[in-house]
Amino acid sequence: MIEVRYERGVYLPQQNLWLDPWDAKPFAFISHAHNDHVAPHEEIIVSQRTARLLKSRLPGRRIEHILPFGEKRRVHGLDLMLLPAGHIFGSAQCFLFLGNETLLYTGDFKLRPGKSAEQVQWREADTLIMETTFGLSRYRFPPTQQVVDQIVSFCRETIEAGEVPVLLGYSLGKAQEILCSLDGVGLTPMLHGSVYQMTRIYEQLGQSFCKYVRYRANDVAGKVLICPPSANRSHMLERIPRKRVAMISGWAVDPNAVYRYQVDAAFPLSDHADYDDLIRYVDFVRPRRVFTLHGFAAAFACDLRARGVEAWALTEQNQMELHLSAADNALPVDPCAEVSRTAESTQGSFHKQVSDTRSEFLAFAKVGEAIAATPAKLEKIRLLSDYLRELTSEQLPVITTYFTGRAFAQSDPRTLQVGWSVIVRTLQGATKIDDAAFHSIAARHGDTGKTAFEVLDARTTPRPFTIVESRELFESLHRARGPLAKAQLLQDRFSISSAREGQYIVKILTGDLRIGLREGLVEEAIAKAFDVPLDQVKQANMLLGDIGETAALALRNEVHQAQLSLFRPIKCMLATPLPSAESVWQRFVDVGDVDGGSALATQPAIFLEDKFDGIRAQLHRSADRVEIYSRDLRRITGQFPELVDQATNFQEKLIVDGEIIAFEEGRRLTFFDLQKRLGRKSDGEDLFARAAADVPVAFVAFDLLWLNGESLLRTSLRERRARLSEVRLPPQFQIAKVVSARSAAEIEQAFRQARRHLNEGLMIKDPESLYLPGTRGMFWFKLKKELATLDVVVVAAELGHGKRNNVLSDYTFAVRDETTGGLLRIGKAYSGLTDAEIAELTEHFKQNTLADHGRYREVKPDIVLEVAFNSIQPSARHASGLALRFPRIKAIRRDKNVDSIDTLQYAHELAARDAQIQQSVSPEVA
DNA sequence: TATGACTGCCC
DNA sequence: ATTCTGC
DNA sequence: GCAGAATGGGCAGTCATA
């Protein structure tokens with residue numbers, strides 16, 4: 001069969017033809033002139049009208065094969081025919097004659113007659129590649145005339161109310177359709193510039209419209225303004241004080257369209273086929289197989305399979321699946337299709353519950369439960385490795401990624417934007433459970449996953465769920481814009497998920513499996529499953545930042561092939577915290593003192609560096625490219641354009657490890673200044689010019705991992721440092737000064753010196769150590785000390801989560817305001833107490849509760865804690881107006897009571913001192 | 001238009 | 001970030 | 001000693017809504 005691939009556009013490799021590719025290609029069919037299809041290709045096949053529209057959208061030279069509709073032509077030995085697609089003016093489908101096979105690619109299309117687009121035509125074809133923008137059954141559009149009538153009424157009523165109606169629709173296609181709809185109803189359309197321009201081209205090509213005028217700012221009264229959606233909230237519209245804005249789009253059938261588009265009304269007039277028409281079209285074309293594209297491609301393909309039509313969503317991720325199925329000329333196993341066919345043949349309901357052993361995702365969840373059930377690490381590994389061995393090469397990467405609590409690989413920058421709030425709403429929506437029942441379940445668990453299980457249990461109609469479909473769910477969640485759209489997707493899935501499946505979907509969404517197994521054990525399971533050395537698996541995962549790809553390599557026995565290379569960030573080496581210079585020194589003595597002789601005399605020197613308070617960063621630089629990655633392998637290049645500019649001045653190709661700090665000579669900047677630059681959007685150069693001026697940064701390099709093609713991971717720190725010191729640095733780059741030490745006293749002195757330089761603390765490193773990515777080994781240590789401690793009183797306590805579900809483990813505490821005598825909250829902390837102490841305090845607080853709010857209770861202020869922290873500063877978070885950085889409990893002060901706690905005034909003194917230190921001098925870097 | 005809730009990602 | 005706990 | 005689990009503050013961006 002004809003091979004079909006997808007890579008930012010449909011690609012037919014045997015014909016070397018691209019269909020609507022996003023990027024410039026040598027030879028492509030362009031279905032219509034919307035911007036997302038316009039790229040500077042070398043040679044294109046287009047309809048006559050599309051060619052004309054393209055001229056205005058993308059001037060420039062290219063070879064154009066302009067084909068009439070309905071006539072078979074030969075281009076580069078390829079027999080093909082264009083058919084009208086009915087989407088917009090000039091939009092075409094491409095029908096290919098390939099030997100004794102035929103293929104129809106729809107591009108964007110609609111079946112309903114449009115007033116400004118040619119009527120769609122079709123032919124039967126063996127392979128149908130179709131757009132499925134509205135491929136969910138809830139997208140059914142009302143009759144066109146009904147919608148047009150609504151739009152006209154909206155315009156009339158708005159004008160009668162003395163306001164200006166504004167209709168939003170794409171300037172090419174939709175706007176002209178609206179224009180035609182207003183013909184003969186006695187309204188005068190006024191066109192936004194871009195709409196006007198496009199409409200004039202339509203007219204040159206023979207289309208005629210009713211009378212309209214071009215936009216003039218002082219002449220809008222009584223007119224109907226037609227603008228592209230991008231004009232909403234623009235300066236142009238803001239100048240019209242009294243207006244009502246309506247979005248004209250198929251998405252208007254979504255109940256929340258008005259909010260989503262920030263408009264007063266929304267009307268479902270679309271240039272795309274709705275769900276019913278998509279189904280009808282497949283019936284017309286009678287294809288042997290269907291590939292779906294855009295929108296709800298996966299869901300629609302599944303629906304088609306349920307109707308007995310072989311159908312697959314075309315996405316990048318499906319390449320392997322398609323390739324294999326095309327090569328084998330066989331269908332991949334798919335329980336969805338399987339089950340639905342049975343249901344159909346017995347005339348039963350599609351939604352009839354089927355035995356859940358059919359659900360691949362349920363099988364995954366059950367393995368998770370088995371792993372959770374045993375506390376033994378080796379047993380967990382065994383359970384997982386047995387399961388991994390059963391998986392197909394397509395499922396394996398997905399499942400291993402899930403077992404690290406992620407939907408996407410670590411190095412994959414995609415996020416879901418689905419958190420606790422969306423999940424809770426969705427669970428309620430999917431089950432129609434009432435608020436009281438829901439909250440009673442949630443309160444009992446304090447674990448979203450368990451809550452999901454109990455809420456969904458017996459309240460859903462489970463249908464089988466394949467691993468590939470689960471991956472598609474997460475991809476759709478990522479793609480969906482806004483919490484409402486995401487919630488809808490998730491709710492649809494929950495309503496057909498078993499309780500166990502829902503629980504594991506939630507676990508992945510929250511990034512927290514809580515089954516006593518994380519990445520480290522997954523690596524071990526992969527090694528065990530495919531009988532490859534563990535260190536190779538760890539190495540590969542570290543280099544790839546992708547446990548799924550690592551597993552795939554292990555399956556093919558290719559893990560050893562992973563290599564450190566430019567622009568593939570690796571996890572950084574971490575340091576183990578130690579409380580004192582003496583304890584640090586002891587580590588090195590213990591290691592070196594093998595012969596029992598005098599350690600001090602024989603100890604080689606150890607390396608000391610200041611610990612900078614910035615963000616850990618890995619800089620990759622080649623002759624023509626620079627990238628910066630964060631500790632979690634996020635690409636943060638865009639946040640620091642000035643560093644990127646400077647980094648082009650290196651003489652070498654390299655990977656350096658270091659810290660980006662807020663830094664300016666003669667000025668004390670802190671982590672908080674730096675943080676202002678972190679989440680910022682990377683587009684908009686002027687924003688950055690300003691940010692860079694506000695918060696200048698420096699890159700302090702302290703390690704060299706790769707140089708001109710050579711990996712230095714397996715060379716000693718001493719050697720790496722020597723090589724780093726030879727690198728010529730551009731401005732804004734510095735090298736962290738390294739000094740040697742041979743005693744605890746020297747470490748202590750260096751620590752004090754680092755503090756005097758206003759750095760966070762001291763790093764202590766074994767000069768002979770190799771670079772061990774991702775591990776907090778015994779080769780690097782860090783020494784930090786608290787700024788101060790405060791004696792505070794606990795005023796509220798909360799139930800914890802997970803294994804702390806039944807104890808009051810999280811304490812809110814307060815200081816005394818001397819002026820009023822009242823208690824003012826200053827922070828929260830849990831860490832620092834042992835389980836026994838938490839249990840004891842739980843009992844105490846239960847008996848000394850002032851107000852019980854469920855998971856949270858106010859308690860009698862009689863437990864005094866000594867709380868340590870690293871800095872204290874003004875904040876609106878707590879009533880005291882101060883907040884602590886890294887608060888932790890140092891001790892329960894049983895010797896103190898509420899009358900002897902520290903005061904707000906004292907806390908303010910600490911904060912003032914903290915702030916003053918910050919401002920006094922410039923820090924020293926190198 | 002302004003604000004707060006939510007999310008993700010730094011420490 | 002910090003800290004504790006079970007293997 | 002390691003890996004896992006449960007917890008802190010603050011910032012920017014997005015979306016929903018007053």
Side-chain angles (χ1 to χ4, degrees), chain A residues 233 238 256 258-260 262 374-380 405 413 415-425 446-447 481-487 509-524 574 576-577 579 612-617 630-634 636 639 659-660 670-682 687 691 760 775-778 782 784 786 798 800-805 807 809-812 826-838 867-878 882-890:
Chain A
R233 315 210 147 266
E238 294 303 332
N256 292 296
V258 166
Y259 286 118
R260 173 139 23 115
Q262 306 244 334
T374 170
K377 267 171 61 177
L378 293 175
E379 178 67 6
K380 288 174 191 281
T415 58
L416 293 166
Q417 301 287 136
V418 172
W420 179 86
S421 165
V422 169
I423 292 170
V424 165
R425 255 184 293 151
D447 175 310
R481 284 288 152 256
L484 295 175
K486 289 172 194 285
L509 290 174
T510 57
D512 218 355
L513 251 42
R514 303 204 210 192
I515 58 172
L517 171 131
R518 278 192 186 179
E519 198 151 11
L521 298 197
V522 179
E523 288 173 339
E524 293 203 39
L574 303 170
T576 301
F612 304 98
D613 192 8
I615 56 174
R616 187 74 177 268
S630 76
R631 205 182 107 149
D632 285 335
L633 314 190
R634 302 278 146 208
I636 51 172
Q639 311 302 122
E659 191 96 0
I660 293 173
T670 68
F671 177 76
F672 292 102
D673 299 303
L674 181 63
Q675 211 176 6
K676 290 183 176 58
R677 289 191 57 172
L678 264 184
R680 216 170 283 198
K681 286 272 281 183
S682 39
L687 254 181
E760 204 188 2
T775 59
R776 204 179 286 278
M778 290 296 120
K782 59 179 169 184
K784 293 165 73 169
E786 64 229 29
E798 280 174 77
H801 295 89
K803 65 183 178 188
R804 303 246 178 278
N805 189 27
V807 286
S809 60
D810 191 359
Y811 310 118
T812 303
I826 196 169
K828 290 177 77 183
Y830 139 75
S831 81
L833 292 184
T834 64
D835 288 354
E837 287 171 315
I838 291 170
V867 173
F869 50 90
N870 284 32
S871 75
I872 177 170
Q873 60 176 15
S875 159
R877 177 171 290 262
H878 299 292
L882 291 170
L884 312 176
R885 190 182 185 201
F886 308 145
R888 62 261 190 194
I889 300 166
K890 253 204 143 177

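When reading the values below, keep in mind they use all heavy atoms of this one structure, side chains included, and skip hydrogens, waters and symmetry mates. To find a chain, count down the sequence lines: A is the first, B the second, and so on, and within it residues start at 1.
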Criterion side chain to side chain contact (heavy atoms under 4.5 Å, CB included) on Glu786(A) and Lys890(A), from CA distance to verdict: CA-CA 11 Å; Glu786(A) 64 229 29; Lys890(A) 253 204 143 177; 2.9 Å; yes
With a 4.0 Å cut-off on heavy atoms, is [X] in touch with a base, just the backbone sugar-phosphate, or nothing at all?
| X | result |
| --- | --- |
| Asp835(A) | sugar-phosphate |
| Leu833(A) | sugar-phosphate |
| Thr775(A) | nothing |
| Thr576(A) | nothing |
| Ile889(A) | nothing |
| Phe672(A) | sugar-phosphate |
| Lys486(A) | nothing |
| Leu378(A) | nothing |
| Ile515(A) | sugar-phosphate |

Separation of [N] [atom2] from [X] [atom1] (nearest whole Å):
| X | N | atom1 | atom2 | answer |
| --- | --- | --- | --- | --- |
| Arg776(A) | dA3(D) | CZ | C1' | 11 Å |
| Glu524(A) | dA3(D) | CD | P | 8 Å |
| His801(A) | dT7(D) | NE2 | P | 6 Å |
| Leu521(A) | dC7(C) | CG | P | 13 Å |
| Arg518(A) | dA3(D) | CZ | P | 12 Å |
| Arg677(A) | dG10(D) | CZ | C1' | 17 Å |
| Leu882(A) | dG8(D) | CG | C1' | 16 Å |
| Arg804(A) | dT3(C) | CZ | P | 15 Å |

What is the minimum heavy-atom distance between Leu674(A) and Ile615(A), and which atoms define it?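 Residues Leu674(A) and Ile615(A), closest heavy atoms: CD2-N, 3.7 Å.
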If you pin Ala836(A) and Ser831(A) to their nearest nucleotides in DNA chain C, which one's is more 5'? Ser831(A)
5'-most by nearest nucleotide on DNA chain C - Lys377(A) or Tyr830(A): Tyr830(A)
Nearest 0.5 Å, what's the CG-CZ distance between Asp613(A) and Phe672(A)?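 Reported to 0.5 Å precision, the distance equals 8.0 Å.
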With rounding to the nearest 0.5 angstrom, report the CZ to NZ distance, Phe886(A) to Lys784(A). 4.5 Å
List the protein contact pattern of nucleotides 3-11 of chain B with one symbol per nucleotide (5' to 3'): B for base contact, S for sugar-phosphate-only contact, - for none; contact means a heavy-atom distance under 4.0 Å. ---SSSSBB
Considering only heavy side-chain atoms of Asp810(A), the closest of dG9(D), dG8(D), dA16(D) is dG8(D)
Which nucleotide in the set dG10(D), dA6(D), dC15(D) lies at the smallest distance from any side-chain heavy atom of Arg514(A)? dA6(D)
Would you please confirm or rule out a distance under 4.0 Å between OP1 or OP2 of dG13(D) and any side-chain N or O of Lys676(A)?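 No, no such contact exists.
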OP1 or OP2 of dA5(D) sitting under 4.0 Å from any side-chain N/O of Lys803(A)?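 It does not, given that no N or O in the side chain of Lys803(A) lies less than 4.0 Å from OP1 or OP2 of dA5(D).
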Without swapping roles, check the side chain of [X] against the backbone of [Y] for a donor-acceptor pair under 3.5 Å.
| X | Y | value |
| --- | --- | --- |
| Glu837(A) | Thr834(A) | yes |
| Thr576(A) | Gly777(A) | yes |
| Glu379(A) | Thr374(A) | no |

Take Leu884(A) and Lys828(A) through the side chain to side chain contact (heavy atoms under 4.5 Å, CB included) test and state the conclusion after the steps. CA-CA 9 Å; Leu884(A) 312 176; Lys828(A) 290 177 77 183; over 6 Å; no
